[in-house]
Protein chains: 2
Amino acid sequence: MNEQAAPGRVGDVRRRNLSLVLDSIARNGDAKPSRAQVAAGTGLTKAAVSSLVADLVESGLVSEVGLYRDGERGRPGQGLELSSRRGVVGMEINVDYLAVGLVDLGGSLRFSSTVESRNRGLKPGAVMEKLGELASQAKAAATSAGITILGGGLAVPGLVDEQRNIVLSAPNLHWEHEQLNPQALLEDAPLGVRLSNEANSAALGELWYGDGPADFLYVSGEVGVGGGVIIGSELYTGPGGSAGELGHIVVHPEGPSCSCGGVGCLETFAGQEAIFEAARIPEGSLGRRTELLLAALAADEPHAKRAVRDAGRYLGIALASSARLMDIEAVVLGGHFAVLADWLKPAVLSSLERYAPGLLEPESLTVSRLEHSGTLLGAAGQVIRAVIESPFEFILGKPA
Amino acid sequence: MNEQAAPGRVGDVRRRNLSLVLDSIARNGDAKPSRAQVAAGTGLTKAAVSSLVADLVESGLVSEVGLYRDGERGRPGQGLELSSRRGVVGMEINVDYLAVGLVDLGGSLRFSSTVESRNRGLKPGAVMEKLGELASQAKAAATSAGITILGGGLAVPGLVDEQRNIVLSAPNLHWEHEQLNPQALLEDAPLGVRLSNEANSAALGELWYGDGPADFLYVSGEVGVGGGVIIGSELYTGPGGSAGELGHIVVHPEGPSCSCGGVGCLETFAGQEAIFEAARIPEGSLGRRTELLLAALAADEPHAKRAVRDAGRYLGIALASSARLMDIEAVVLGGHFAVLADWLKPAVLSSLERYAPGLLEPESLTVSRLEHSGTLLGAAGQVIRAVIESPFEFILGKPA
DNA sequence: CCCATATAGTTCAGATTGAAAACTAATTGG
DNA sequence: CCAATTAGTTTTCAATCTGAACTATATGGG
């Protein structure tokens, strides 16, 4: 007999309802709902909510924050919120910088720090050591703010195997099948450290802490062109975990060869390198080249304008195909594309209009406002969401 | 408070376990498992399975089929199977034919009938009337076989709104926003008739009754080029229900204009019309033109060979992009593409190798063996799956 | 100032359900 | 014919929700 689904036990009902209550409190974070409001919102009885909230408060996930005084009749409720004394550390390794952030359960970024670091070509061990120093800063910040760190999320610009903590391939770091030990960054954290893809984390950050709708494609223009697909408020990673690889969609069958071995991939037209080259920006650091490009654009320099226009045109083709294939109705531009948005967006829109008229509303092509913190928030948020979705498991092994 | 998830009640556990048991019996259809085997397979106790099976037998969904006699020691078990006395009618409207089939809960096609019918341009009412005659045949077949019809599935070659029984757009029938009344085809069926898209149904048929793996893209070459995406053994329809539209992926930015208003869509290279035209097959009925094309290919006629090779090449580009974007690892060719597979497949494979080397194994590009019955089985199967997934709801309003 | 009214939250009986264990049923093999 | 073995049922128990009754704490009119 081949089976997979677990049988339903009576206790599963409580698991689910603990999550439901926690989620309800999380969604209404600003309102600090009372037990009675949670009961109304979830459809559970007051009795059940009381019992569930008691468990959540005891575990430290939820705190009571004083009484209501809204001038209404009746006994005032106890406001509930996700504990601001429990946090998760978001971390990011990128090609030219490292970053950490401390996010409390309510989603507030309580501390963050970024350092420049030329990571391309460095061994994972060296990079992890540098990142460890940043993580220590986050731990110190947590201690002084009285925050217990539950876990961490580490985003890298490449394809990862979350289960086994392996970076399968991060071409822009020149990493190939590298075993990491992210747990070492936060040794005492009961939930450990979760490895994730940078574009996917940024997409999730946009979903949870930005203004991404329930369904959208996040497009990250970094050195490569990555993407994160959000469907029904969930990250879609595909059966093998590598969905959203927008950069290697074929946008011109007679286009140039790509580093992936293919031909005419989007990345050969809209990757950072391709844009800089077409715009005739000389070699240099990424930050410097970006400055030069923006200056050239501002000065109406024809090569620069043309480079960005072409990138936008091919990005539009890729988006048209993606939207058709996956029925995507909104797109959020991030990374390099957010920086270039003023010049890029018109080209993308006119390309969309040419290749898939009427498919995407112009208003549904938006630009991320979170910038780098989006990735940190998303990386940490994945751990926070895991707790919200399975508080029961967390309560069992609770850390005091 | 904005909430969506329903609270977990104690009774939900039984709902879930009823489905689990029914699913276990369905998966092991040929083995006719005993209660004890179901218990072992699901992880439930024998006691729980006994109680659950009693409800399922009483509702008529499951029947006991005699004792085991496998020569082992111990009391023999009662074999269980999905009742072969309950069935669902699958129906299909396509451009040049109508079809119905009677499928029992176990997935056997107990009766089927197809008639040629030039439906393009006909009003939905006229087509539905013709289809009603075929449905009557299915009903008569059910009666004489002692099968109670629970519901039906109707597949059409276009985008549908399942909830409201509207065909939003079926360009090849020249239907645009047509309200149907599929319930009228099977008036007494307690579960009604479910409208669905033809390519999606065919994909599901391939999944449930063919040899499709848990994750694949079904590509249907009919008059248009459609697709059905199966992920984790589920149909992926996208937030708006129109995912899988492979036909309008842009495969050449300077390609011809497409009926969708776009440019360079796959359909302009690999749609039936495009292939016939490039192969210089004269106008005529679809069946006749297909015969001529196959004859020309067999005779090594250069235009025909080139037409199919080009179609394959562009199909390969679309598949490369799709596989990258959605992380798809297997493709099943159906419809026209299955008929042309011998000539088409080499071109698709070499195109894949050029545009996305190593992404898809040649063995994971397969050809459907179900042909037309795949769509019927898939259309009916959706109703069968709905019962398997929610037997509790079915038991409540059970028909005698 | 007091009490009717209203709202928040708790307590407790009742119902549903699966687990576990003991039990009954049916078969094989020595 | 009986021990061993496997299938399936019955019984007891614990978990957990609902619903109703109850307690707690506020507002506001007389």
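Values below: every heavy atom of this structure, side chains too, minus hydrogens, waters and symmetry copies. Within every chain, numbering begins at 1; the chains are lettered A, B, ... in the order of the sequence lines, protein sequences first and strands thereafter.
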* How does each nucleotide of nucleotides 12-21 of chain C score, in 5' to 3' order, for protein heavy atoms under 4.0 Å: base (B), sugar-phosphate only (S), or none (-)? -> ----BBSSB-
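Helical stems in DNA chain D, defined as runs of 3 or more consecutive Watson-Crick or G-U wobble pairs with both donor-acceptor distances under 3.5 Å, are listed by first residue as C:1-30 with D:1-30.
Among residues two or more places apart in sequence or in another chain, the salt bridge (charged side-chain N to carboxylate O under 4.0 Å, His left out) test is passed with A:Arg369 by A:Asp211. With sequence neighbours left out, B:Arg9 forms a side chain to side chain contact (heavy atoms under 4.5 Å, CB included) with B:Pro7, B:Asp12. For A:Arg14, the salt bridge (charged side-chain N to carboxylate O under 4.0 Å, His left out) criterion is met by A:Asp55, not counting sequence neighbours.
Salt bridge annotation for A:Arg15-A:Glu389: absent, with no cationic side-chain nitrogen under 4.0 angstrom from a carboxylate oxygen.
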Restricting both atoms to N or O, compile the protein contacts to nucleotides 28-30 of chain C shorter than 3.5 Å, with distance only.
none

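A:Arg35 places its CZ atom 15 Å from the P atom of D:dC17, with the value rounded to the nearest Å. B:Lys46 places its NZ atom 13 Å from the P atom of C:dA22, with the value rounded to the nearest Å. One interatomic measurement links the two molecules: CD of B:Gln78 to C1' of C:dT27, which rounds to 14 Å at whole-angstrom precision. Separating the CZ atom of A:Arg75 from the P atom of D:dC22 is a distance of 17 Å, rounded to the nearest angstrom.
B:Ser50 contributes no side-chain N or O that, together with a main-chain N or O of B:Ala47, makes up a donor-acceptor pair within less than 3.5 Å. Judged by distance alone, the side chain of B:Asp104 and the main-chain N or O of B:Ser108 form a donor-acceptor pair under 3.5 Å. Between the side chain of A:Ser144 and the backbone N or O of A:Ala141 there is at least one donor-acceptor pair closer than 3.5 Å. Under the 3.5 Å distance criterion, the side-chain polar atoms of A:Ser390 are left unmatched by any main-chain donor or acceptor of A:Phe392.
Side-chain contact annotation: B:Ser196 with B:Ser201, donor-acceptor N/O pair under 3.5 Å present.
Each of B:Leu235, B:Asp23, B:Val88 was compared with B:Arg385 under the side chain to side chain contact (heavy atoms under 4.5 Å, CB included) criterion, and only B:Asp23 meets it.
A sub-4.0 Å separation between OP1 or OP2 of C:dT7 and a side-chain N or O of A:Ser34 is absent.
Rounding to the nearest 0.5 angstrom, the gap separating the CZ atom in A:Arg27 from the CG atom in A:Leu22 is 11.5 Å.
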